[in-house]
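Read through the structure below, which is laid out as structure tokens, and then see the notes.
The shown structure was predicted, so the numbers you read here are calculated from the model rather than taken from an experiment.
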Amino acid sequence: MCESENQGSNNINENQSEMLLTVKEVAHHINESPHVIRNWMRELKGHVPTHKGDNNYHYFNKISIDRLLLIKKLSREQGYSLRQIQHYLTTGEDPLDPEIKSDNQDMILQELKEIKEDLKNQKQFNQALIHKLDEQNQYINDSINRRDQQLMKTLQEMQQARIEASATNEKKGFWRKIFK
């Protein structure tokens, strides 16, 4: 950490009640990014008190920093959404039940079980379908092989018949020549 940042941190701790910090400085102080601080300011309007300077910059005092630390705790440690944090701050810091109620959780769990069962059934169906397709493929291949063998046999028989016919014609031709 550079010396100026270190001095800034010391000054923050010593003079927090009277010192005003910029977004970048307060972000560094609470270990968040300036983008997160700006997002909280935008989403939680009115819940993060700031002072606007002549230069249109937002400045934070001790109360603002404490509020940002509370928001950080609710968000990071307790898992509150920005909507839940807004409700928490609006209702006088009443603890808030999680957004998902147990009835909804039970319903979601039931739906997940049904989806899991449907996926299991789909997997079994897919396996049966693949098995049936493999059987069909084997039947088609066997049928093609039988047809090919039959065609080859028929071609061989035709070729043999042609050879025999040709030999017979040659014999007749030879004898015809002699007996003419």
key: Heavy-atom side-chain contact between H29 and E25 under 4.5 Å   = no

Interatomic spacing from NZ in K62 to CG in L21 - rounded to 0.5 Å = 11.0 Å

key: Point-to-point distance, once rounded to the nearest 0.5 Å, from NZ of K120 to CD of E117   = 5.0 Å

task = Search all heavy atoms of N55 against all heavy atoms of Y59 and return the closest pair with its distance.
result = ND2-OH, 3.1 Å

key: Within residues 147-159 or reaching into it, pairs that qualify as side chain to side chain donor-acceptor pair (under 3.5 Å) - sequence neighbours excluded   = none

Donor-acceptor pairs are to be reported for all side-chain atoms of residues 127-138 against protein atoms at under 3.5 Å, with residues two or more places apart or in another chain.
from: H131; atom 1: NE2; to: E135; atom 2: OE2; distance (Å): 2.8
from: Q138; atom 1: NE2; to: D142; atom 2: OD1; distance (Å): 3.0

message = What's the separation between atom CZ in R67 and atom NE2 in H47, rounded to the nearest 0.5 Å?
response = 8.0 Å

query = With a 4.5 Å heavy-atom cut-off, do T22 and F60 have their side chains touching?
reply = no

ask   = Taking side chain as C-beta onward, heavy atoms only, is M107 less than 4.5 Å from E111?
value = yes

query = Where do I37 and K24 land on the side-chain contact (heavy atoms from CB on, under 4.5 Å) test, with the steps shown first?
reply = CA-CA 9 Å; I37 301 299; K24 185 176 180 182; over 6 Å; no

ask   = Should side-chain heavy atoms under 4.5 Å link Ile, Leu, Val, Met, Phe, Trp and Tyr, which residues sit in the same cluster as I63?
value = none

query = Just wondering, do V23 and T50 contact through their side chains at under 4.5 Å, heavy atoms?
reply = no

key: Selection residues 40-55 - residue pairs positive for salt bridge (Lys or Arg N to Asp or Glu O under 4.0 Å), sequence neighbours left out   = none

message = Within this structure, what is the CD-CD1 distance for the pair Q86 and I71, rounded to the nearest 0.5 Å?
response = 10.0 Å

R76: partners by salt bridge (Lys or Arg N to Asp or Glu O under 4.0 Å), with sequence neighbours left out = E32

ask   = Is there side-chain contact between W40 and L68, with heavy atoms separated by less than 4.5 Å?
value = yes

key: Shortest non-hydrogen separation from L20 to H51 and the atoms involved   = CD2-CD2, 3.7 Å

query = Shortest non-hydrogen contact from A27 to S33?
reply = CB-C, 3.7 Å

note = Which of T90, L70, L74 passes side chain to side chain contact (heavy atoms under 4.5 Å, CB included) with I85? It is L74

Considering all heavy atoms, the nearest K72-I30 contact = NZ-O, 2.5 Å

message = Could you walk me through whether Q110 and D106 satisfy the side-chain hydrogen bond (donor to acceptor under 3.5 Å, both in side chains) test, starting with their C-alpha distance in whole Å, then the side-chain angles of each, then the deciding distance to 0.1 Å, before giving a yes or no?
response = CA-CA 6 Å; Q110 181 61 34; D106 293 340; over 6 Å; no

key: Co-members of L119 in a cluster of I, L, V, M, F, W and Y side chains, linked at under 4.5 Å   = I115

remark   = Residues G79 and Q84: closest non-hydrogen pair is O-OE1, 4.0 Å

Residue pair N39 / L82: nearest heavy atoms and the distance that separates them = ND2-CD1, 3.7 Å

